[in-house]
Enquirer: 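Take a look at this one; I'll ask things after.
Lettering follows sequence order; numbering is per chain, from 1. Atoms considered below: every heavy atom in the structure, side chains included; atoms not considered: hydrogens, waters and symmetry mates.
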Number of protein chains: 2
Amino acid sequence: MVGLLDSISLTSDRFASVIPLELAVTFMVIRKAIGARPRENRRGAVLDSAARSFALHGYAGTSIRDIAADAGVQPSSLYYFFKSKDELYEAVYERGVEKFLDAVARSMSKSDQPWDRLERAAVAHLEALLEDGDYNTLVANIVPRGDSELDQRLVRHRDRYEAVFFNLIKDLPLPPRTDRKLFRLTFLSALNGVAGWYRDGSMSPGKIATKTVDLFRKQLEPDGERTAR
Amino acid sequence: MVGLLDSISLTSDRFASVIPLELAVTFMVIRKAIGARPRENRRGAVLDSAARSFALHGYAGTSIRDIAADAGVQPSSLYYFFKSKDELYEAVYERGVEKFLDAVARSMSKSDQPWDRLERAAVAHLEALLEDGDYNTLVANIVPRGDSELDQRLVRHRDRYEAVFFNLIKDLPLPPRTDRKLFRLTFLSALNGVAGWYRDGSMSPGKIATKTVDLFRKQLEPDGERTAR
DNA sequence: AATTTTACCTAACGATCGTTCGTTATAATA
DNA sequence: TATTATAACGAACGATCGTTAGGTAAAATT
């Protein structure tokens, strides 16, 4: 409020010397409502809206106009921040990878035991996916096939993250002939698949993650003798 | 060939009485190349092309014109067979569910043991998904959220198939406190996720399915003592 | 032989798509 | 104080979108 009056009193405005202050304020308000805003960067809002729409309706199902409307901005303004729809999509995807990376890194501060480390990572992964949301949904759901230029860049971002689980699983004490690559791919699909059926209120993301890890590690349950081949 | 000449000799064609037979044949050929074909139903071809495109680029990423071009038909012709893009998509999805159902039903003719039955189903599922292809890819990849009318119909088709695994897993001798719902969801995500990383030549679909089932059942491997918590 | 049905076609509708253009008010800098 | 950079805007471009209308020749039916 003070800032608004200040900016009038400095008056680089071409009307200021001709019209009374009351009218100037009116003009300010109109201008504020319609057009140019004072020094405000909507890049973050645009990125958020893009993440939302892309997560909900996919790349092709989301139009530039959808995103712009959601962010309260004109369609053409997106091109001030991003060169193209592809670049915007990549920015969202990359941010999603970083959010995953951060979440998992934070979760693994301590604990040396391999299965515990995997469990912590899984919990962090699922919490990021289901609670934080849109950016991560994109990374979890879209497995780029690598046939377009955009896809190839997406794969590179995704690989950075998958490497984390590669290392986590490398340290796991598994039965000798276990296929660790298949384990990783299967495990990640299982975790990411949760986004497809999770409905708020049923079970907490952390709980789901823990139980999922248990599914993969249950050979040591004390009462495992009920099972048979 | 004989049929072609026959159709000329019956001559309900308005040129037939005016021009010689040679020229009539020429017209036939031209008409064959450009326009109206004799009694040929392209519905199957359209459905195949739709499955292909939808599997490859998704619903929004596929245009009616893409499908028509791939099927060698005019865009408007799709509306002779299907009322709308939505209905075409649903037809593909439904067919995908039926293909899955058939494949799994065929695979389970004998074998009483629960784990073996699940393994057979998994093998059939993955072979259908990775070898047969497009129709199944659609069902595997798209988990409808149920917010549109189309989505709600899709869910109903999908549920018919998931019920099969519900029953398969019900009979499994699992440790007492195992969450069978989570097992099913996780297991199906793991299987369907294979479509995201499978590249021809690495491992056969059947082998992947078998090993995936092993991952979920490995608690009875004889040398499982290497594992620790 | 005349009529109807089938299996398409050509042409076009208005809406929406990603993107570009030129403009403009504010803030930072010289 | 004049200039430049920033953060947008409104209007429009041609392309493409799902869909419809109306036509046409062959086949089936009457």
Enquirer: Could you give all pairs that pass the salt bridge (Lys or Arg N to Asp or Glu O under 4.0 Å) test and reach residues 195-212 of chain A, with sequence neighbours left out?
Expert: A:Lys211-B:Asp179
Enquirer: B:Asp66 has an atom CG; how far is it from atom P of D:dT16, in whole Å?
Expert: 11 Å
Enquirer: Specify the angle, to 10°, made by the local axes at the two ends of the helix from C:dA1-D:dT30 to C:dA30-D:dT1 when five pairs are taken at each end.
Expert: 0°
Enquirer: Using ring pair (Phe, Tyr, Trp, His ring centres under 6.0 Å) as the criterion, list what pairs up with B:Tyr89, not counting sequence neighbours.
Expert: B:Phe54, B:Tyr59
Enquirer: Is there, by distance only and without an angle test, a donor paired with an acceptor across the side chain of B:Ser76 and the base of C:dT10 below 3.5 Å?
Expert: yes
Enquirer: List in numerical order all residues of residues 79-89 of chain A for which some heavy atom is under 4.0 Å away from an atom belonging to DNA chain C.
Expert: A:Tyr79, A:Ser84, A:Lys85
Enquirer: Check salt bridge (charged side-chain N to carboxylate O under 4.0 Å, His left out) between B:Glu90 and all other residues, then give those that pass, not counting sequence neighbours.
Expert: B:Arg153
Enquirer: Can you check the A:Leu78 CG to D:dG10 C1' distance for me, whole Å?
Expert: 15 Å
Enquirer: I need the CZ-P distance between A:Arg43 and D:dA7, as an integer number of Å.
Expert: 11 Å
Enquirer: Got a sec, which residues hit salt bridge (charged side-chain N to carboxylate O under 4.0 Å, His left out) with A:Lys85, two or more places apart in sequence or on another chain?
Expert: none
Enquirer: Can you tell me if A:Gln74 touches the phosphate of D:dG10, counting only side-chain N or O atoms and a distance under 4.0 Å to OP1 or OP2?
Expert: yes
Enquirer: Please list residues of residues 48-65 of chain B whose heavy atoms come under 4.0 Å from any atom in DNA chain D, ordered by number; otherwise none.
Expert: B:Thr62, B:Ser63, B:Ile64, B:Arg65
Enquirer: With A:Arg158, which residues qualify under salt bridge (charged side-chain N to carboxylate O under 4.0 Å, His left out), at least two apart?
Expert: A:Glu162
Enquirer: Donor-acceptor pairs are to be reported for all side-chain atoms of residues 130-142 of chain A against protein atoms at under 3.5 Å, with residues two or more places apart or in another chain.
Expert:
unit_1	atom_1	unit_2	atom_2	d
A:Asp132	OD1	A:Lys99	NZ	3.4
A:Asp132	OD2	A:Lys99	NZ	3.1
A:Tyr135	OH	A:Leu47	O	3.4
A:Tyr135	OH	A:Asp48	N	3.2
A:Tyr135	OH	A:Asp48	OD1	2.5
A:Asn136	ND2	A:Ala128	O	3.2
A:Thr137	OG1	A:Gly133	O	3.0

Enquirer: Which residue pairs satisfy the ring pair (Phe, Tyr, Trp, His ring centres under 6.0 Å) criterion with at least one member in residues 189-211 of chain B, sequence neighbours excluded?
Expert: none
Enquirer: Apply side chain to side chain donor-acceptor pair (under 3.5 Å) to B:Asp66 and B:His57, showing your working.
Expert: CA-CA 11 Å; B:Asp66 288 342; B:His57 308 112; 5.6 Å; no
Enquirer: Quickly work out the A:Asn41 CG to C:dA27 P distance and round it to whole Å.
Expert: 14 Å
Enquirer: Kindly write out the residues that satisfy salt bridge (charged side-chain N to carboxylate O under 4.0 Å, His left out) with B:Asp147, not counting sequence neighbours, or none if the list is empty.
Expert: B:Arg145
Enquirer: Under the ring pair (Phe, Tyr, Trp, His ring centres under 6.0 Å) rule, what pairs show up with a residue in residues 138-158 of chain A, not counting sequence neighbours?
Expert: none
Enquirer: Work out which heavy atom in B:Asp151 is nearest to a heavy atom in B:Ser148; give both atom names and the distance.
Expert: N-OG, 3.1 Å
